[in-house]
Amino acid sequence: PIGTGMVIQKKAFLKYLNEVKSSDTRLSLGRKGKSLTSGEDNDIILTIIAHGYEIAYLPELLVHHLIPSTRLSFKYLKKMAYESNRSWVKVLSLHSINPWKPISSYTLKLREIKAYFKGKAWLSKANYINWKGACGKFKGLSEL
């Protein structure tokens, strides 16, 4: 249904859909419009595991994922890092496997500043993207 190379038994996916339709939070995990929220794939996997199904990771599976060049831009990657980490925290919490404690929203800016310096975000685009991911994690933790 969703995700490059993802294949799910219809019976397992229907169990997921039955759970999701009553949860606004879970429905907000997937992408809509220009949003880069991306927790839906992980939510599907964790839900079907909870229902007793098994998953397989096949690294030998070769997939040619054709994407537009805009998905390699700095602007896109920093937004993706932020939104995917923000939604990852929510997915982990929904499944009661979040290793981090919720934080108060008033601490967000201080945490972001500390992470900026700790991660040396000014040194490279990669460092900056990693910092945006940390900011997304903090935002997700503040929304729990």
Side-chain angles (χ1 to χ4, degrees), residues 1-68 70-121 125-144:
I2 302 147
T4 302
M6 184 184 280
V7 178
I8 301 174
Q9 285 183 344
K10 183 177 181 180
K11 180 169 57 168
F13 190 65
L14 290 174
K15 286 191 181 231
Y16 168 76
L17 289 177
N18 284 332
E19 280 191 31
V20 170
K21 62 182 160 180
S22 63
S23 171
D24 289 341
T25 301
R26 292 177 79 179
L27 289 173
S28 71
L29 294 172
R31 291 190 185 172
K32 290 174 188 66
K34 293 186 178 189
S35 166
L36 293 181
T37 302
S38 57
E40 193 172 49
D41 294 3
N42 294 313
D43 185 41
I44 292 169
I45 291 167
L46 292 169
T47 301
I48 64 174
I49 289 171
H51 283 287
Y53 291 91
E54 294 181 359
I55 62 165
Y57 170 67
L58 307 170
E60 65 275 2
L61 178 66
L62 181 61
V63 176
H64 293 280
H65 191 171
L66 304 176
I67 60 172
T70 54
R71 286 194 181 182
L72 300 175
S73 73
F74 178 62
K75 180 180 177 181
Y76 181 90
L77 292 172
K78 65 184 182 179
K79 185 176 179 183
M80 171 63 117
Y82 181 90
E83 292 297 336
S84 63
N85 280 305
R86 182 180 176 199
S87 61
W88 179 236
V89 168
K90 292 177 183 182
V91 169
L92 294 175
S93 292
L94 285 167
H95 291 274
S96 301
I97 55 175
N98 183 4
W100 309 290
K101 294 179 183 178
I103 63 172
S104 297
S105 58
Y106 70 85
T107 68
L108 272 177
K109 286 297 169 202
L110 289 173
R111 291 172 189 272
E112 289 174 353
I113 291 167
K114 181 180 176 183
Y116 183 85
F117 288 104
K118 187 175 180 181
K120 300 178 182 175
K125 288 183 177 181
N127 287 8
Y128 192 90
I129 291 166
N130 285 333
W131 172 67
K132 289 302 285 186
C135 292
K137 176 183 161 189
F138 298 145
K139 182 67 174 173
L141 290 172
S142 76
E143 296 171 336
L144 297 179

- Message: Can you list everything that forms a ring pair (Phe, Tyr, Trp, His ring centres under 6.0 Å) with Trp88? Sequence neighbours excluded, please.
- Response: none
Taking all atoms of both residues into account, what is the closest heavy-atom pair of [X] and [Y], and its distance?
| X | Y | answer |
| --- | --- | --- |
| Lys137 | Asn85 | N-CB, 3.8 Å |
| Asn98 | Ser93 | ND2-OG, 2.9 Å |
| Ile103 | Phe138 | CD1-O, 3.4 Å |
| Leu77 | Leu72 | CD1-O, 3.7 Å |
| Tyr76 | Arg71 | CD2-O, 3.3 Å |
| Pro99 | Leu92 | CD-CD1, 4.1 Å |

If you round to the nearest 0.5 Å, how far is [atom2] of [Y] from [atom1] of [X]?
| X | Y | atom1 | atom2 | result |
| --- | --- | --- | --- | --- |
| Ser87 | Asp41 | OG | CG | 10.0 Å |
| Lys139 | Lys132 | NZ | NZ | 11.5 Å |
| Ile55 | Ile48 | CD1 | CD1 | 7.0 Å |
| Ser73 | Lys125 | OG | NZ | 9.0 Å |

- Message: Does any part of the side chain of Leu46, heavy atoms only, come nearer than 4.5 Å to the side chain of Leu94, both counted from C-beta?
- Response: no
- Message: Side chains of His95 and Thr47, heavy atoms from C-beta outward: is any pair under 4.5 Å?
- Response: yes
- Query: Could you go step by step and tell me if Ile44 and Tyr16 meet the side chain to side chain contact (heavy atoms under 4.5 Å, CB included) rule?
  - Reply: CA-CA 6 Å; Ile44 292 169; Tyr16 168 76; 3.4 Å; yes
- Item | Partners meeting side-chain hydrogen bond (donor to acceptor under 3.5 Å, both in side chains) with Lys90 (sequence neighbours left out) | Glu143
Enumerate, atom names and distances included, each donor-acceptor pair closer than 3.5 Å involving a side-chain atom of residues 107-114, sequence neighbours excluded.
residue: Thr107; atom: OG1; partner: Ser104; partner atom: O; Å: 2.7
residue: Thr107; atom: OG1; partner: Arg111; partner atom: NE; Å: 2.8
residue: Lys109; atom: NZ; partner: Glu112; partner atom: OE1; Å: 3.2

- Task: Might you work through the side chain to side chain contact (heavy atoms under 4.5 Å, CB included) test for Lys11 and Tyr53, ending with a clear yes or no?
- Result: CA-CA 10 Å; Lys11 180 169 57 168; Tyr53 291 91; 3.3 Å; yes
- May I ask you to decide if the ring planes of Trp131 and Tyr116 are parallel, tilted or perpendicular, using 30° and 60° as cut-offs? perpendicular
